[in-house]
**Student:** 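Questions regarding the structure given below will be posed in turn.
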Amino acid sequence: EAQVTQNPRYLITVTGKKLTVTCSQNMNHEYMSWYRQDPGLGLRQIYYSMNVEVTDKGDVPEGYKVSRKEKRNFPLILESPSPNQTSLYFCASSSSGLYNEQFFGPGTRLTVL
Amino acid sequence: GNSVTQMEGPVTLSEEAFLTINCTYTATGYPSLFWYVQYPGEGLQLLLKATKADDKGSNKGFEATYRKETTSFHLEKGSVQVSDSAVYFCALRHTNTGNQFYFGTGTSLTVIP
């Protein structure tokens, strides 16, 4: 089944404790992206990647890191999480053509205390 | 730059009512346009799309027509059901920014019996 998977789905952590949210897709997509969703603010893009070893900042990259060493994986790293990073996070992937839609993962709900 | 503006919610309708959610975009040329739906507790999933002017996307009774002259892609459904309660996002994808995606802020719809 074609899908985007994220782990963990739920995470409660404390300020300053490094964490990684994994994202993997099995559709051989070039394009991958991370978003956060907050009430009243819609979806905001954190980072995106056009292909392996190519990443770029989105609208709200501060406090986050990403890497794209393999085509299928695009982990999101919070080196020193803070409470303002409490949010619902979505990973998405897409083929690179203009007409192609993004496929979204199920989301990771992160709470930073 | 590219952007998407959609009507603010929340929207509350009675079952079998007619639905319109307005979406307008700012972009030069011919982006691809998408509507995504997010059911409670889930990730976003593609509802419909249109890739050129005057195209009509349709799915599950929902329709949207790509209007270049008004830069709009309004979502409509003739008779909503309780199961349509969700958040709806309008989005575009454009070659002028490397096939990046741009999302509206989302419109929450609640359908009451």
Side-chain angles (χ1 to χ4, degrees), chain A residues 1-10 21 23-25 27 29-51 54-61 74 87-109, chain B residues 1-10 21 23 25 27-53 55 57 59 64 66 73 86-109:
Chain A
E1 180 190 354
Q3 60 182 349
V4 178
T5 56
Q6 296 178 226
N7 282 292
R9 294 288 314 277
Y10 303 90
V21 184
C23 173
S24 183
Q25 50 94 5
M27 295 168 279
H29 286 162
E30 298 84 10
Y31 180 97
M32 296 186 75
S33 183
W34 276 103
Y35 298 88
R36 60 178 288 174
Q37 184 178 24
D38 302 289
L41 297 177
L43 279 178
R44 293 182 292 169
Q45 190 178 53
I46 303 170
Y47 270 95
Y48 64 96
S49 170
M50 294 290 195
N51 215 324
V54 180
T55 62
D56 211 343
K57 297 177 181 178
D59 300 318
V60 288
F74 191 45
S87 187
L88 179 58
Y89 292 87
F90 289 102
C91 180
S93 74
S94 169
S95 293
S96 57
L98 173 63
Y99 304 146
N100 299 116
E101 67 270 24
Q102 280 190 114
F103 293 80
F104 281 80
T108 296
R109 184 163 294 281
Chain B
N2 301 324
S3 66
V4 175
T5 303
Q6 60 181 106
M7 66 185 280
E8 297 210 4
I21 300 178
C23 171
Y25 68 89
T28 57
Y30 293 88
S32 290
L33 301 174
F34 306 86
W35 275 102
Y36 283 83
V37 59
Q38 183 183 27
Y39 297 108
E42 299 184 11
L44 281 73
Q45 56 185 274
L46 180 70
L47 181 59
L48 53 84
K49 69 179 182 182
T51 59
K52 62 182 188 292
D55 262 3
N59 187 24
Y66 187 168
F73 193 52
V87 180
Y88 294 82
F89 291 90
C90 186
L92 73 81
R93 191 175 198 184
H94 208 316
T95 54
N96 65 2
T97 50
N99 285 331
Q100 263 284 68
F101 287 90
Y102 298 83
F103 282 83
T105 52
T107 302
S108 175
L109 170 67

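The sequence lines fix the lettering, A, B, ..., with proteins before strands; numbering per chain opens at 1.
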**Student:** Please classify the contact of B:Gln45 with chain A as side chain, backbone, both or neither, using a heavy-atom distance under 4.5 Å.
**Tutor:** neither
**Student:** If you measure from CZ on A:Phe104 to CG on B:Leu46, what distance do you get to the nearest 0.5 Å?
**Tutor:** 10.0 Å
**Student:** Taking side chain as everything from C-beta outward and backbone as N, CA, C, O, which of these in A:Thr108 sits under 4.5 Å from a heavy atom of chain B? Side chain, backbone, both or neither.
**Tutor:** neither
**Student:** Side-chain contact test, heavy atoms from C-beta onward, threshold under 4.5 Å: evaluate it for A:Tyr31 versus B:Gln100 and give yes or no.
**Tutor:** yes
**Student:** Would you mind telling me which of A:Leu43, A:Asp59, A:Leu88, A:Leu41 has the largest number of heavy-atom pairs within less than 4.5 Å of chain B?
**Tutor:** A:Leu43
**Student:** Heavy-atom distance under 4.5 Å to chain A: side chain of B:Glu8, backbone, both or neither?
**Tutor:** neither
**Student:** If we define contacts as heavy-atom pairs under 4.5 Å, which of A:Ser33, A:Ala92, A:Ser94 has the most with chain B?
**Tutor:** A:Ser94
**Student:** Supply the atom-to-atom distance B:Phe101 CZ to A:Asn100 CG, rounded to the nearest 0.5 angstrom.
**Tutor:** 7.5 Å
**Student:** Taking every non-hydrogen pair under 4.5 Å, which of A:Met50, A:Gln6, A:Gln102 racks up the most with chain B?
**Tutor:** A:Gln102
**Student:** Work out which heavy atom in B:Arg93 is nearest to a heavy atom in A:Ser95; give both atom names and the distance.
**Tutor:** NH1-O, 2.9 Å
**Student:** Has A:Arg109 got more than 12 heavy atoms of other residues, nucleotides or ligands less than 6.0 Å from its CZ?
**Tutor:** no
**Student:** Please lay out, stage by stage, how A:Gln45 and B:Tyr102 fare under the test side chain to side chain donor-acceptor pair (under 3.5 Å).
**Tutor:** CA-CA 9 Å; A:Gln45 190 178 53; B:Tyr102 298 83; over 6 Å; no
**Student:** Distance from A:Glu101 atom CD to B:Leu47 atom CG, nearest 0.5 Å?
**Tutor:** 11.5 Å
**Student:** For B:Phe34 and A:Leu98, which heavy atoms make the closest approach, and how far apart are they?
**Tutor:** CZ-O, 4.2 Å
**Student:** With a 4.5 angstrom heavy-atom cut-off, could you sort out which part of A:Asp56 is near chain B: side chain, backbone, both or neither?
**Tutor:** neither
**Student:** Heavy-atom pairs under 4.5 Å with chain A are the metric here; pick the option from B:Thr95, B:Leu44, B:Val87, B:Thr51 that has the most.
**Tutor:** B:Leu44
**Student:** Contact part of A:Phe90 toward chain B, heavy-atom cut-off under 4.5 Å: side chain, backbone, both or neither?
**Tutor:** side chain
**Student:** Does OH in B:Tyr39 sit with more than 12 non-hydrogen atoms of other residues, nucleotides or ligands closer than 6.0 Å?
**Tutor:** yes
**Student:** Under 3.5 Å, side chain of B:Thr105 to main-chain N/O of A:Gly42, donor-acceptor pair present?
**Tutor:** no
